[in-house]
Structures are given as structure tokens and as C-alpha cells.
J.: 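Before we start, here is the structure in question, set down as C-alpha cells.
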Amino acid sequence: MATANDLQFNSLINNLIKEGFLTAADAQKHYQDSQKKGVSLINYLVTNKFVNSTVIASKISIEFGVPFFDLDTINVKTLPLELVNNTLIQKYNVLPLQKRGMTLFVAISDPRSFQGFDEIKFNSRLNPEPILVEEHKLHKVINALLEAAESMNNFLDSDLDNLDISGGDDDDNSTSATSDTEDAPIVRFVNKILLDAIKTGVSDIHLEPYEKVFRIRYRSDGMLHEIASPPSSISNRIVSRIKVMSKMDIAERRVPQDGRIKMILSKTRAIDFRVNTCPTLFGEKVVLRILDPTNAQLGIEKLGFEPEQQKLFLDAINKPYGMVLVTGPTGSGKTVSLYTGLNILNIPERNISTAEDPVEITVEGINQVNVNPKAGLTFASALRAFLRQDPDIIMVGEIRDFETAEIAVKAAQTGHLVLSTLHTNDAPQTLNRLMQMGIPAFNIVSAVVLIMAQRLARRLCEHCKIPADYSKDFLLGAGFKVEEIGQLRLFKAGGCELCSHGYKGRVGIYQVMTLSEKMRALILQGGNAMQLAEQAASEGINDLRASGLNKVRLGITSFEEIDRVTTEH
């Protein structure tokens with residue numbers, strides 16, 4: 001049985017017990033458990049969240065007389081990393097924070113050890129002063145810095161050389177790679193950027209040249225995060241490498257270009273990247289959209305439908321004819337929703353054809369067409385061709401003009417199921433948009449079966465979400481009902497090693513609207529979007545805001561996130 005004197009940070013533990021953060025019995029138990037795992041008691045308490053890491057750090061700061069600093073508040077780009085080399089940072093678990101005169105403030109997590117300070121002083125010619133930081137945050141920053149350095153300087157992973165990568169198009173109009181673009185470190189660095197993006201589940205990669213920096217960002221769960229800043233001097237070589245991979249003309253830098261990359265990860269899995277370049281003031285910006293077929297195979301249960309909404313959607317796509325429209329802004333998950341429906345419908349007995357710009361998800365058993373306006377292959381001409389090929393189900397990537405809308409409506413009226421998307425804010429506005437395109441009201445009411453508006457909200461991380469406390473007036477103003485105020489158990493984002501700022505993954509928020517007889521009559525009378533929305537609400541159809549609040553009630557996401565993605569307040 002360990003005695004009190006055996007406990008690490010003995011007086012600190014006693015203070016935590018006195019202030020009610022721990023009981024004596026718990027402290028003894030946690031000490032024994034930490035010894036079995038071979039870690040310090042402090043690390044054990046923080047890792048298992050028995051005591052808040054900030055509380056412990058502030059107590060250690062007082063105990064040892066070392067100033068405390070929260071690493072979350074610093075911009076990593078401003079750190080004077082050139083003053084302490086990576087070997088010392090890794091060896092002694094330290095981080096240079098700021099240089100002031102001849103003093104270098106150095107972040108440490110254990111004030112009992114000043115190992116390495118003599119070596120830091122010798123190498124930097126400065127006097128190191130310790131600043132206490134939380135250990136897990138220090139590890140996170142150091143690991144990120146070392147990983148970035150390794151990405152640029154130590155391309156030793158043989159897999160990065162042997163990736164099976166090809167351009168997505170068959171036309172041979174690209175310029176051959178120059179010696180610069182075939183430089184092995186650049187090839188490996190680009191391959192690593194692509195692989196890391198796939199492994200972390202991001203949707204887009206942005207490579208952005210500026211006057212003094214070259215920024216690389218990933219879009220994860222709808223939000224952009226910077227992941228690397230390679231030297232601006234090699235930005236052209238990185239961009240040229242991507243253009244070669246995409247079969248673009250590397251000599252042309254004055255106009256935007258489109259391309260495609262296919263990365264074969266295994267015999268059963270390949271990832272496509274849709275690539276676009278755009279000339280900017282300081283070079284070409286490149287954006288890569290990751291097209292992963294597995295995203296469309298989530299299963300309808302994982303999309304986020306409420307039970308009644310899911311039933312309405314399934315009923316609509318199983319009708320023999322009619323039009324199902326999905327609406328929302330770019331990046332709201334419309335394509336995934338449509339392909340989830342197509343996967344359900346995809347059986348040998350059905351002829352399914354799609355026209356897209358471009359095809360984002362390839363599915364065996366579905367005839368998919370990339371529209372090419374320059375060659376005369378538009379949505380409208382593709383639709384006309386489909387109708388001569390005995391179709392059962394047609395999917396149009398987007399209805400943009402009267403011609404496409406007219407053909408799609410006629411197809412829906414003549415025995416075909418038509419699925420498509422529009423860019424409108426909600427379901428009622430979609431009906432008005434069709435009328436503005438020139439589609440007569442009587443054609444709309446006879447063709448449209450269901451309209452679904454959607455958004456994507458970030459899911460709260462199950463490991464770190466924390467209870468949220470709001471005033472009654474605030475909740476009533478947000479849209480909650482008086483009778484439920486006392487029973488609500490709401491959560492907000494926390495933040496841990498397993499998530500991004502308290503969120504992990506996304507969930508769909510939907511407004512699923514069928515056309516009732518009253519709705520059809522209102523359309524025929526020329527009703528506007530506001531009148532249609534009022535009628536939908538009177539029929540119990542949740543708008544996006546109401547559907548979002550349901551996700552908040554269930555603890556799936558936070559009120560702040562719903563406030564961010566819905567337009568109605």
C-alpha cells in the first residue's frame with residue numbers, strides 16, 4: 001500500500017483533495033492504477049479526465065512558481081522555431097514560445113525538470129526561461145510540428161513512391177513533366193498530402209499561393225483547417241506536379257483548368273480527385289475535391305433523417321414515375337443523398353442513367369454521363385438521349401435552365417422517375433424557382449412528387465461534449481416550446497484529442513415536403529414562397545430550423561452549430 005509520501009506531486013495532490021477536486025480514497029486508487037500502467041499520477045488524472053488539465057496546470061504553476069500559459073491561445077506560425085532545432089524540441093519535450101531581448105521563453109510541462117536548458121542556451125545564445133503548459137497540448141503542438149518537418153524533409157516512406165496514380169481523363173493533351181516536377185521530394189510530398197487527406201476523411205484540399213507563404217488547407221466536416229505551410233519558393237513545383245498528375249497543361253498558367261486524378265489504394269478501393277486550378281495574384285490556386293465512392297454507401301439510416309422524413313423519401317423514390325428534387329447550397333450533401341437513393345434502386349431489373357457535371361461517384365450498374373458543354377453534350381442533350389434508351393430512372397446532376405427543366409418535367413410525366421438538384425434555400429422556394437424558369441404551374445403539380453431541402457451540421461464529439469446552460473428567454477427565442485424548457489438536456493462542444501474543436505463527423509438536417517392537395521391548389525393559384533412555406537408549416541412539415549432543433553434536443557449537435565447552418569432565425 002503506497003503511503004502519502006509516495007505520491008508524485010505530493011503537496012499538489014493534497015491541495016486538490018482539500019479543494020474538493022479529488023477524495024483521498026480516489027487519489028490513492030488512481031495512484032495505484034497509474035503505477036500499474038507505468039505513467040505518472042498527474043498524467044493518469046489528466047488522460048482519464050478525473051481532474052481538468054487546466055486546473056492541474058494552474059495548481060502546478062502556483063506550487064513551483066512557474067508562470068502558466070495556455071497553448072491554445074498561440075498562433076503556431078509565430079513561434080521562433082528557428083532558435084531551437086527539432087532534435088532538442090523532441091529530445092527534451094520543450095517548445096520555444098517567444099524571444100524578448102536575450103531571453104527565450106520555453107514551454108515545459110514538468111517544472112521539476114529543466115533538462116536541456118543548458119543545451120538550448122548554448123545553441124540559441126539566449127537565456128531560457130520556463131513557462132508551464134499543459135502536457136497534452138504541448139505534445140499535440142510538438143507532434144504537429146515534427147510531422148510537418150518530416151513531410152518536407154524526410155520523405156522515406158516507400159509507399160509514397162509506389163502509389164498507383166493516373167490522370168482521370170483519356171485525352172493526351174498534357175505537357176510532359178519537367179525535371180523539377182519529377183523531383184522525388186516534391187512527388188513524395190504531394191502523395192503524402194493526398195494520402196493524409198484520405199486517411200483523415202477530408203472533403204477538399206486547398207493549395208493557396210500568397211506573396212510570402214504557400215498555405216495548404218483541408219476541409220474537414222465542412223470547416224477549413226491549415227495543415228502545412230511549405231516554403232513559397234517550391235509552390236510552383238508542387239502545383240506543376242499536381243497538374244501533371246491531373247493531365248493538365250503545365251505550361252498554361254493564365255486560365256483555369258480542370259482535371260482528374262485516380263489513386264488506386266488496393267484491388268477493391270480507388271479514390272478520385274476532381275482538380276481545378278485558378279490563376280491568382282501570386283500563382284495558381286489548386287483545389288482538389290475528394291470523390292470517395294464509399295461516401296455514397298453509408299446507408300439511409302446514417303444520413304440523419306427523422307423516421308417520418310425517411311419514410312417520405314423512400315416512398316417517393318419507389319414511385320414508378322414523378323420528380324424528386326433535392327435542394328441546398330454547394331457542400332450540403334445533395335449528391336450523397338441522391339446516390340443513397342440510387343443505390344437502393346440499383347437492381348438488374350431497372351435501367352438507371354445519370355447526367356452529371358462532373359460524375360463524382362462511380363457506381364457499377366448505373367449508366368453515368370459526364371456532361372461536356374464545349375463538345376455539345378449538355379444536361380438537356382443527355383436527357384434527350386436517355387429518353388431514347390428505354391430508361392426507368394433518370395438522375396440529372398442539376399437543373400440550371402428552362403430547357404433542362406422542361407425535358408425533366410416531361411420525362412417525369414411520361415412514366416419515368418426523375419431525380420435532380422436545384423440551388424435554393426428551402427423546399428417552398430424550389431417551387432417558385434421552377435415557375436421563374438418558365439415551367440407552367442400545372443406541369444409542376446403533375447410532375448413533382450417530393451422536394452427535400454438539406455444542410456450538413458457537425459456532430460458533437462461523444463467523448464468531450466459538455467452540458468450547455470441557456471436562459472429560458474433565450475431558449476424560447478430560439479424556437480423551443482415553453483412546456484419542454486425544464487426537460488431539455490442540451491450540449492455544446494468541448495474539445496479533445498479525438499475530434500476537431502469538439503465536433504467529429506456530420507449529420508444531415510432535412511426539410512422533406514410532399515405536395516398535398518392544398519399545396520397543389522396554392523401553386524396553381526400562383527402562390528409565392530412565403531405562402532407555400534406557411535402552408536407546409538400548417539401541415540406539420542418541419543423547416544430546416546425545426547429539424548435542426550430536433551438534433552439539438554437529441555444531443556447530436558449544438559445550438560451554435562444549428563445557428564450556423566440554418567438561415568432562418
Side-chain angles (χ1 to χ4, degrees), residues 291 293-301 303 305 309-327 333-372 377-422 427 430 434 437 439 442-452 454 510 512-515 520:
L291 310 175
T294 58
N295 288 340
Q297 300 169 1
L298 296 173
I300 194 166
E301 297 81 10
L303 292 183
F305 282 116
Q309 292 176 335
Q310 180 174 314
K311 182 179 183 302
L312 290 173
F313 180 69
L314 289 175
D315 287 348
I317 64 172
N318 279 294
K319 289 185 181 297
Y321 59 88
M323 179 179 281
V324 175
L325 296 172
V326 181
T327 180
K334 300 187 296 296
T335 301
V336 171
S337 293
L338 284 177
Y339 267 97
T340 299
L342 287 178
N343 280 327
I344 294 170
L345 299 170
N346 186 16
I347 58 175
E349 291 77 20
R350 292 190 176 114
N351 178 19
I352 304 175
S353 297
T354 74
E356 302 169 69
D357 183 20
V359 173
E360 294 192 4
I361 300 167
T362 56
V363 180
E364 189 173 345
I366 296 177
N367 308 291
Q368 298 171 278
V369 174
N370 259 327
V371 301
N372 186 351
L377 181 56
T378 62
F379 281 120
S381 60
L383 273 175
R384 289 193 184 95
F386 292 164
L387 292 173
R388 293 190 289 269
Q389 295 206 330
D390 185 30
D392 295 303
I393 299 165
I394 296 171
M395 197 268 272
V396 187
E398 183 184 347
I399 293 176
R400 299 174 180 170
D401 52 54
F402 170 73
E403 187 180 14
T404 306
E406 183 182 38
I407 299 170
V409 166
K410 287 181 179 178
Q413 291 172 322
T414 55
H416 308 97
L417 180 66
V418 179
L419 288 75
S420 189
T421 72
L422 278 89
T430 305
L434 289 173
M437 283 184 178
I439 304 300
F442 61 85
N443 279 341
I444 294 173
V445 298
S446 64
V448 176
V449 173
L450 178 138
I451 302 173
M452 183 171 77
Q454 69 177 78
Y510 302 93
V512 182
M513 187 178 83
T514 56
L515 268 62
R520 294 175 195 275

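Being a predicted model, the structure only gives us computed values, none of them experimental. Positions are given from 1, in the same order as the sequence printed here.
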J.: So do the side chains of Thr354 and Tyr339 get within less than 4.5 Å of each other, counting heavy atoms only?
T.: yes

J.: A side-chain contact here means heavy atoms from C-beta on lying under 4.5 Å apart; do Val448 and Thr430 qualify?
T.: no

J.: Looking at every heavy atom in both Arg520 and Ser446, which two are closest together, and how far apart are they?
T.: NH1-N, 4.5 Å

J.: Could you measure the distance from the CG atom of Leu383 to the CZ atom of Arg388? Nearest 0.5 Å is fine.
T.: 11.0 Å

J.: Do the side chains of Leu342 and Val363 get nearer than 4.5 Å, heavy atoms only?
T.: no

J.: Can you see which heavy atom on Ile394 is nearest to which on Ala411, and at what distance?
T.: CD1-CB, 4.5 Å

J.: To check you understand the geometry: which heavy-atom pair defines the closest contact between Ala447 and Gln413, and what is its length?
T.: CB-CG, 4.0 Å

J.: Mind listing the closest non-hydrogen atom pair of Asn443 and Ile439 along with its distance?
T.: CB-CG2, 4.1 Å

J.: Could you measure the distance from the CG atom of Leu515 to the CD1 atom of Ile451? Nearest 0.5 Å is fine.
T.: 5.5 Å

J.: On a heavy-atom basis, which atom in Val371 and which in Ala355 lie closest, and how many Å separate them?
T.: CG1-CB, 4.2 Å

J.: So, for Gly397 and Phe379, which heavy atoms are closest and what is the spacing to 0.1 Å?
T.: N-CE2, 3.8 Å

J.: How many angstroms lie between CG in Leu303 and CD in Gln309, if you round to the nearest 0.5 Å?
T.: 11.0 Å

J.: Could you give the distance from CD1 (Ile347) to CD1 (Ile393), rounded to the nearest 0.5 Å?
T.: 8.0 Å

J.: Under 4.0 Å between a Lys/Arg side-chain N and an Asp/Glu carboxylate O for Asp315 and Lys311?
T.: yes

J.: Leu450 versus Val512: any side-chain heavy-atom pair under 4.5 Å?
T.: yes

J.: With no hydrogens and no angle check, is any side-chain donor or acceptor of Asn351 less than 3.5 Å from a backbone partner on Asp392?
T.: no

J.: Going through the checks in order, is the side-chain contact (heavy atoms from CB on, under 4.5 Å) test met by Ile399 and Leu325?
T.: CA-CA 9 Å; Ile399 293 176; Leu325 296 172; 4.1 Å; yes

J.: Using side-chain contact (heavy atoms from CB on, under 4.5 Å), reason through Leu387 and Ile407 one step at a time and then give a plain yes or no.
T.: CA-CA 9 Å; Leu387 292 173; Ile407 299 170; 3.9 Å; yes

J.: Run the side-chain contact (heavy atoms from CB on, under 4.5 Å) test on Leu419 and Val326 for me, step by step, so that the C-alpha distance in whole Å, both residues' side-chain angles and the decisive distance to 0.1 Å come before the verdict.
T.: CA-CA 8 Å; Leu419 288 75; Val326 181; over 6 Å; no

J.: Rounded at 0.5 Å granularity, tell me how far CG in Leu345 sits from CG in Leu417.
T.: 6.5 Å

J.: Within this structure, what is the CE-OG1 distance for the pair Met395 and Thr421, rounded to the nearest 0.5 Å?
T.: 8.0 Å

J.: Between Gln454 and Ser337, do the side chains contain a donor N or O and an acceptor N or O under 3.5 Å apart?
T.: yes

J.: Within the distance-only criterion (no hydrogens, no angle test), does the side chain of Asn370 pair as donor or acceptor with the backbone N or O of Val359 below 3.5 angstrom?
T.: yes

J.: May I have the step-by-step check of side-chain contact (heavy atoms from CB on, under 4.5 Å) for Glu356 and Leu338, ending in yes or no?
T.: CA-CA 12 Å; Glu356 302 169 69; Leu338 284 177; over 6 Å; no

